[in-house]
Number of protein chains: 2
Amino acid sequence: MINPPSLQQLKYLISLAETRHFGQAADACAVTQSTLSAGLQELESRLGAKLVERRKRGAMLTALGQQVVERARHIISEAEALVDLAQAAREPLSGPLKLGVIPTISPYLLPRIMPALRRRHGKLRLYLTEDLSPRIAEKLDAGELDLLLLALPYDLPGAETMALFDDAFLFACRKDHELARANALPPERLNSEPLLLLQDGHCLRDHALAACNLMNRRGAQPFQATSLPTLIQMVDNGIGTTLLPAMAVAAGALKGTGIVTRPVTGAPTPSRTIGLAWRKASPRHDEFRLLGRDIVELSTKAGLTP
Amino acid sequence: MINPPSLQQLKYLISLAETRHFGQAADACAVTQSTLSAGLQELESRLGAKLVERRKRGAMLTALGQQVVERARHIISEAEALVDLAQAAREPLSGPLKLGVIPTISPYLLPRIMPALRRRHGKLRLYLTEDLSPRIAEKLDAGELDLLLLALPYDLPGAETMALFDDAFLFACRKDHELARANALPPERLNSEPLLLLQDGHCLRDHALAACNLMNRRGAQPFQATSLPTLIQMVDNGIGTTLLPAMAVAAGALKGTGIVTRPVTGAPTPSRTIGLAWRKASPRHDEFRLLGRDIVELSTKAGLTP
DNA sequence: GATTTATCATCGGTTTTCTCGATCAAAAAA
DNA sequence: TTTTTTGATCGAGAAAACCGATGATAAATC
């Protein structure tokens with residue numbers, strides 16, 4: 001392919017079409033007449049055709065020149081529109097944002113903060129993906145997601161994380177359970193409990209065990225729940241006890257059940273950390289930190305975190 | 001307005017979008033990696049936003065970058081289409097051609113040659129304007145017409161002309177006229193004739209008088225016809241005699257009348273010259289000369305000129 | 001017909017931009 | 001740790017764009 005016309009050359013031609021005069025067109029383009037003249041010659045050479053009819057009394061465009069000018073106007077305006085596009089996109093927290101969230105956060109946090117978030121950032125278009133940590137981590141790296149909302153710590157190579165707030169683990173049992181009224185409940189006390197946990201893959205399981213310094217009991221469990229609501233059902237049915245994130249409880253996950261919760265003692269308090277993660281190289285990290293602050297603020301207002 | 005992105009920069013971005021790799025993208029653009037890197041930085045600077053997410057394992061575009069690439073592809077292809085447009089328009093005798101013709105040529109010549117012309121130059125779009133010489137000359141200068149078909153000589157400042165063929169003047173009278181069978185008819189003999197002529201403005205009038213070295217008889221005429229058919233009607237009605245272009249006679253203008261014609265003697269033969277004219281500055285003069293040759297050839301074939 | 005004016009082309013030199021090759025830094029891979 | 005990959009950066013050189021002056025030519029005017 002031969003050299004296409006340059007935008008500058010097209011501007012010269014447009015200007016000439018408007019003034020029908022080399023000198024005036026040159027002024028309008030803030031260049032000298034010689035520059036414009038040379039530019040137009042180069043343009044004609046690239047297109048391989050005469051566009052301008054030079055006369056001693058002004059210049060006029062050929063039929064082809066007219067057509068080229070029309071298209072050129074279009075091209076120039078499209079090119080300039082790119083600047084506007086970028087300008088609009090530069091506004092923080094606007095445009096599409098693909099967010100991955102883990103299932104033990106999503107249903108408790110998002111419904112409480114999304115309305116306010118929408119109000120604050122009208123141009124933000126959140127695309128939500130709910131999946132287990134390894135899956136969304138993988139998608140983050142592949143560029144299919146821009147941002148993760150998950151529980152930390154979690155090994156995310158090449159990612160930068162921002163801790164938002166701690167989410168304590170609460171011991172949950174039926175109100176007729178022997179520990180239902182325990183005041184100080186040290187983690188060790190749970191070793192003898194038939195703790196029910198989520199199935200493998202859910203980071204909640206690992207975080208809960210780690211936070212309380214408990215062994216991994218996989219295999220010893222009669223059932224592994226596939227979701228937190230299922231787990232709660234099982235506890236309510238008296239199959240066992242469990243550890244629940246305070247956020248879920250605050251969000252009303254136990255409403256309508258006979259389950260009570262007791263805080264687990266310890267220093268630090270056994271908890272997981274809710275946080276954001278994004279690719280280190282992401283140019284939107286400033287936006288993400290802003291969003292993080294918003295989430296903290298809104299979660300606190302909603303009573304999900306003290 | 002800030003500097004819009006350059007086409008080159010957009011090409012860099014497109015190439016990067018396809019390869020997701022600075023080095024490979026640079027190769028594809030036939031520049032070095034450093035050049036492409038600098039070009040993309042300049043592009044980002046002009047747009048005022050990050051388009052590329054640089055990672056150690058290849059690069060990827062931001063959401064904005066994706067959008068920009070899509071539009072950039074469009075812009076580039078439009079710019080390159082201009083070359084094609086010019087290429088297509090460069091084919092001789094194609095596209096629009098605004099032709100002005102005088103009324104004493106138009107109805108006799110055009111119907112005979114237009115069909116063949118259309119066959120030869122399928123892409124030619126002839127826009128015809130029929131008017132008196134001064135009017136079409138004015139329009140030629142104003143750029144409203146590209147080409148004139150008229151009778152020469154005619155004063156056309158700033159125009160270039162091409163003579164096509166001579167069109168002799170024939171003496172025309174009713175067949176019962178005393179000169180109807182004259183063999184050698186010298187121009188001087190016409191001085192005593194009540195010659196009917198077209199009204200002022202028609203060049204045919206001036207050409208006829210000049211060719212036969214006759215005085216301008218305006219005012220002395222009882223009637224001045226407004227068109228050649230009218231003039232012929234008048235002669236047929238016995239109001240007088242006239243001089244007719246041979247072309248009109250050959251085209252059958254006298255069919256159905258009792259008019260006969262006799263050649264006028266003289267050296268050179270009293271005649272007008274049919275020719276083309278265009279602005280000296282017109283870049284299509286080559287095309288016009290081609291068209292001129294076609295007209296001569298087709299007119300001869302049609303028997304309009306010996 | 002000579003002169004002036006208007007207009008665009010052209011030329012040499014200068015400034016700006018673009019490009020290259022080499023090198024550097026950082027992350028990933030081995 | 002060492003090696004490899006990958007993009008950023010820097011200085012030098014090449015290319016281009018640009019300017020100002022001059023030239024050429026047709027039109028307008030005297």
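Protein chains get the first letters and strands the later ones, always in sequence-line order, with residue 1 at the start of each.
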Name every residue in residues 15-27 of chain B that has at least one heavy atom under 4.0 Å from any atom of DNA chain D, in order of residue number, or write none if there are no such residues.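 Correct list: B:H21, B:F22, B:G23.
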Output a table of nitrogen or oxygen pairs between the protein and nucleotides 18-22 of chain C separated by less than 3.5 Å.
from   : atom 1 : to    : atom 2 : distance (Å)
C:dT19 : OP1    : B:Q8  : NE2    : 3.2
C:dT19 : OP2    : B:Y12 : OH     : 3.0
C:dC20 : OP2    : B:T32 : N      : 2.7
C:dC20 : OP2    : B:T32 : OG1    : 3.2
C:dC20 : OP2    : B:T35 : OG1    : 2.8
C:dG21 : O6     : B:S34 : OG     : 3.0

Without decimals, in angstroms, what is the distance between [X] [atom1] and [N] [atom2]?
X      : N      : atom1 : atom2 : answer
A:L40  : D:dA17 : CG    : P     : 13 Å
B:E44  : D:dT9  : CD    : P     : 11 Å
B:E160 : D:dT25 : CD    : P     : 15 Å
A:M60  : C:dT7  : CE    : P     : 15 Å
B:R54  : C:dA25 : CZ    : P     : 19 Å

Quick one: do A:R73 and A:E18 make a salt bridge, cutoff under 4.0 Å? yes
Is the closest basic N to carboxylate O distance between B:R71 and A:E78 below 4.0 Å? no
Can you pull every protein N or O that's under 3.5 Å from an N or O on nucleotides 27-30 of chain D?
none

Would you call the rings of B:H74 and A:H74 parallel, tilted or perpendicular if under 30° counts as parallel and over 60° as perpendicular? perpendicular
Any pair with a residue in residues 144-158 of chain A that passes salt bridge (Lys or Arg N to Asp or Glu O under 4.0 Å), sequence neighbours left out, goes on the list, sorted by first then second residue, please.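 The answer is none; no pair qualifies.
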For residues 281-292 of chain B, which residue pairs pass the salt bridge (Lys or Arg N to Asp or Glu O under 4.0 Å) check, not counting sequence neighbours? B:E160-B:R289, B:R284-B:E287
Please determine if a side-chain N or O atom of B:S37 lies less than 4.0 Å away from the OP1 or OP2 oxygen of D:dA8.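 Yes, such a contact exists.
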Less than 4.0 angstrom between a side-chain N/O of A:R55 and OP1 or OP2 of C:dT7, yes or no? no
Any residue meeting ring-ring contact (aromatic ring centres under 6.0 Å, His included) with A:F165, in chain and number order, not counting sequence neighbours: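 Once residues adjacent in sequence are excluded, A:F165 has no partner under the ring-ring contact (aromatic ring centres under 6.0 Å, His included) criterion.
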Qualifying residue for side-chain contact (heavy atoms from CB on, under 4.5 Å) with A:L99, from A:L128, A:L291, A:I136: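 Considering A:L128, A:L291, A:I136, a side-chain contact (heavy atoms from CB on, under 4.5 Å) with A:L99 is found only for A:L128.
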